[in-house]
Amino acid sequence: MKIVLATDLSEEALHAARWTFEFAHKLRDQKMPVEISILHVTAEPFFDMSQKAVFEDPDNQARMKNTIRHWLKPIADAEKDPITHEDFAYEIIFDNGKPAKKIFHWASTSNADWLVMGMSGHGTFARLMVGSTTHRLAQKPPCKMVIVHKDHDHFGVSPKFLVAIDLLDSTHAALEAAAEQARIFNAQLHIVHVVNALRAVSLPNGLLAYEGGVSEMVQIEENANKDLITTLENNASLLQGIDYTAEILSGYPTRAIIEYAKHNHYDAICLGSVSRSMLDEFILGSVAGGIVRNMPTTILLSPPPVKPTHR
């Protein structure tokens, strides 16, 4: 299992590091190989009088590595094997340029299984207007991605995961990633699909009304429940051995998932990402994008499936 931990040496990134090493510990307990790469991207390099990039200077790189090891030491020490007292081996990678672009490149070219990052330190308004490195990568992750919430960087003995699925999506990448994590962390899995049954419409007199009534809403939920049962039956082998439940929720998807996760104290939300351009994301938004901007807990994102090329 290849894990890339992208860090800016912030407090948020330190929480992501804690999650990463706990994840690696769980993998090792299950006799699964694990490789950790810690990636730090700096701004575009500046030059000294000899026109040599400061970033490329060996002494400077040695200082940067020592800085990262010192930053990581409390986490790495806490995650040492209790019997052998050995810590996890990891490589440190430096690059310079635009962080989102460079992180995407490294995760893609190294064939990483998971990219781990901390939640953005910016406020909601800043994330909406400008976007953060984390949010940009969440729009189109290079691989499965974890955005670690500062209050949910440690899952404990029997965590609770919430996975939201789209019944129209035949791939169910989010369900596959959630099942993988549930096995690794021995987690309880709750599978939900949100029905946005009532839609606001404008009337000629300027007032708002809602399409459909109670009977239509009940029918939509009943049909969705049948589709959910079929989906679970089709994925029986994937879910075998996992403690899971399933439910249909109703409401606006982003708000419904966030409020449900808060009310039921979930340790993580598993989602499929939606690939959009920055302009589309700003104008239209998406369920995944909205949840990332207002994340109540740690988020596990699955990238959209790669479409086969036809020649």
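All values below were derived from every heavy atom in this structure, side-chain atoms included, with hydrogens, water molecules and symmetry-related copies excluded.
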Taking Ser37 for the side chain and Glu91 for the main chain, is one N or O donor matched with an acceptor at less than 3.5 Å? no

As an exercise, state the distance from CE of Met295 to CG of Leu271, rounded to the nearest 0.5 Å. 10.5 Å

Shortest non-hydrogen separation from Ala16 to Gly118 and the atoms involved: CB-N, 3.6 Å

Side chain to side chain contact (heavy atoms under 4.5 Å, CB included) between Val41 and Phe94, intermediate numbers included: CA-CA 6 Å; Val41 180; Phe94 295 111; over 6 Å; no

Is the count of non-hydrogen atoms from other residues, nucleotides or ligands lying under 6.0 Å from Trp106 atom CH2 greater than 12? no

Before giving the answer on side chain to side chain contact (heavy atoms under 4.5 Å, CB included), spell out for Leu72 and Phe21 the whole-Å C-alpha distance, their side-chain angles and the decisive distance to 0.1 Å. CA-CA 10 Å; Leu72 189 62; Phe21 279 85; 3.8 Å; yes

Do you know which two heavy atoms are closest between Ser108 and Pro142, and how far apart they sit? OG-CB, 3.4 Å

Look at the side-chain heavy atoms of Ile, Leu, Val, Met, Phe, Trp and Tyr, link any pair under 4.5 Å apart, and say whether Leu175 and Ile229 land in one connected group. no

Do Ile92 and Arg69 have side-chain heavy atoms sitting under 4.5 Å apart? yes

Quick check: do Ile93 and His40 have side-chain heavy atoms less than 4.5 Å from each other? no

Provide the closest heavy-atom pair for Ala107 versus Ser110 in the form atom of the first, atom of the second, distance. O-OG, 3.5 Å

Any non-hydrogen side-chain atom of Ser250 less than 4.5 Å from a side-chain atom of Val194? no

Short side-chain donor-acceptor distance under 3.5 Å, Glu221 and Asn225: no

Start with the C-alpha distance between Val292 and Leu301, add both sets of side-chain angles, then the distance that settles side chain to side chain contact (heavy atoms under 4.5 Å, CB included), and finish with yes or no. CA-CA 10 Å; Val292 169; Leu301 282 172; 4.2 Å; yes

Could you walk me through whether His70 and Asn66 satisfy the side chain to side chain contact (heavy atoms under 4.5 Å, CB included) test, starting with their C-alpha distance in whole Å, then the side-chain angles of each, then the deciding distance to 0.1 Å, before giving a yes or no? CA-CA 6 Å; His70 179 75; Asn66 287 334; over 6 Å; no

Could you give the distance from OG (Ser132) to CE (Met119), rounded to the nearest 0.5 Å? 10.0 Å

Do NZ/NE/NH1/NH2 and the carboxylate oxygens of Arg18 and Asp153 come within less than 4.0 Å? yes

Answer yes or no: is there a side-chain heavy-atom contact under 4.5 Å between Ile299 and Val146? no

Closest contact, heavy atoms only, Ile242 versus Ala182: CG2-CB, 4.1 Å

For residues Thr7 and Met117, determine if any side-chain heavy atom of one lies less than 4.5 Å from a side-chain heavy atom of the other. no

Which word best sums up how the rings of Phe23 and Phe185 line up, parallel for under 30°, tilted for 30 to 60°, or perpendicular for over 60°? parallel

Decide yes or no for Gln188 and Phe161: does some side-chain heavy atom of the first lie under 4.5 Å from some side-chain heavy atom of the second? no

With rounding to the nearest 0.5 angstrom, report the CD to SG distance, Glu176 to Cys270. 12.5 Å

Using atom types as modelled and distance alone, determine if a side-chain donor or acceptor of Lys160 lies under 3.5 Å from a backbone N or O of Asn264. yes

Got a sec: does the CD of Gln240 have more than 12 other heavy atoms crowding it under 6.0 Å? no

Any side-chain heavy-atom pair from Gln181 and Leu300 closer than 4.5 angstrom? yes

Is there a chain of hydrophobic side chains (I, L, V, M, F, W, Y, each step under 4.5 Å between heavy atoms) that links Leu9 to Ile3? yes

Do you know the tightest heavy-atom contact between Asp267 and Pro159? OD2-CA, 3.3 Å

Can you find a pair of side-chain heavy atoms, one from Leu239 and one from Ile191, that are under 4.5 Å apart? yes

Mark yes when over 12 heavy atoms from residues, nucleotides or ligands other than Arg183 sit less than 6.0 Å from its CZ; otherwise mark no. yes

Interatomic distance, Lys26 atom NZ to Glu22 atom CD [nearest 0.5 angstrom]: 6.0 Å

To the nearest 0.5 angstrom, please state how far the CG atom of Asn235 sits from the OH atom of Tyr244. 9.0 Å

Tyr266 ring center near His152 ring center (under 6.0 Å): no

Distance from His15 atom NE2 to Glu12 atom CD, nearest 0.5 Å? 7.0 Å

Look at the side chain of Ser302 and the backbone N and O of Gly272, then say whether any donor-acceptor pair between them is shorter than 3.5 Å. no

Which pair of heavy atoms, one from Val163 and one from Ala174, lies closest together, and at what distance? CG2-O, 3.9 Å

For the residue pair His190 and Tyr260, categorise the inter-ring angle as parallel (less than 30°), tilted (30 to 60°) or perpendicular (more than 60°). parallel

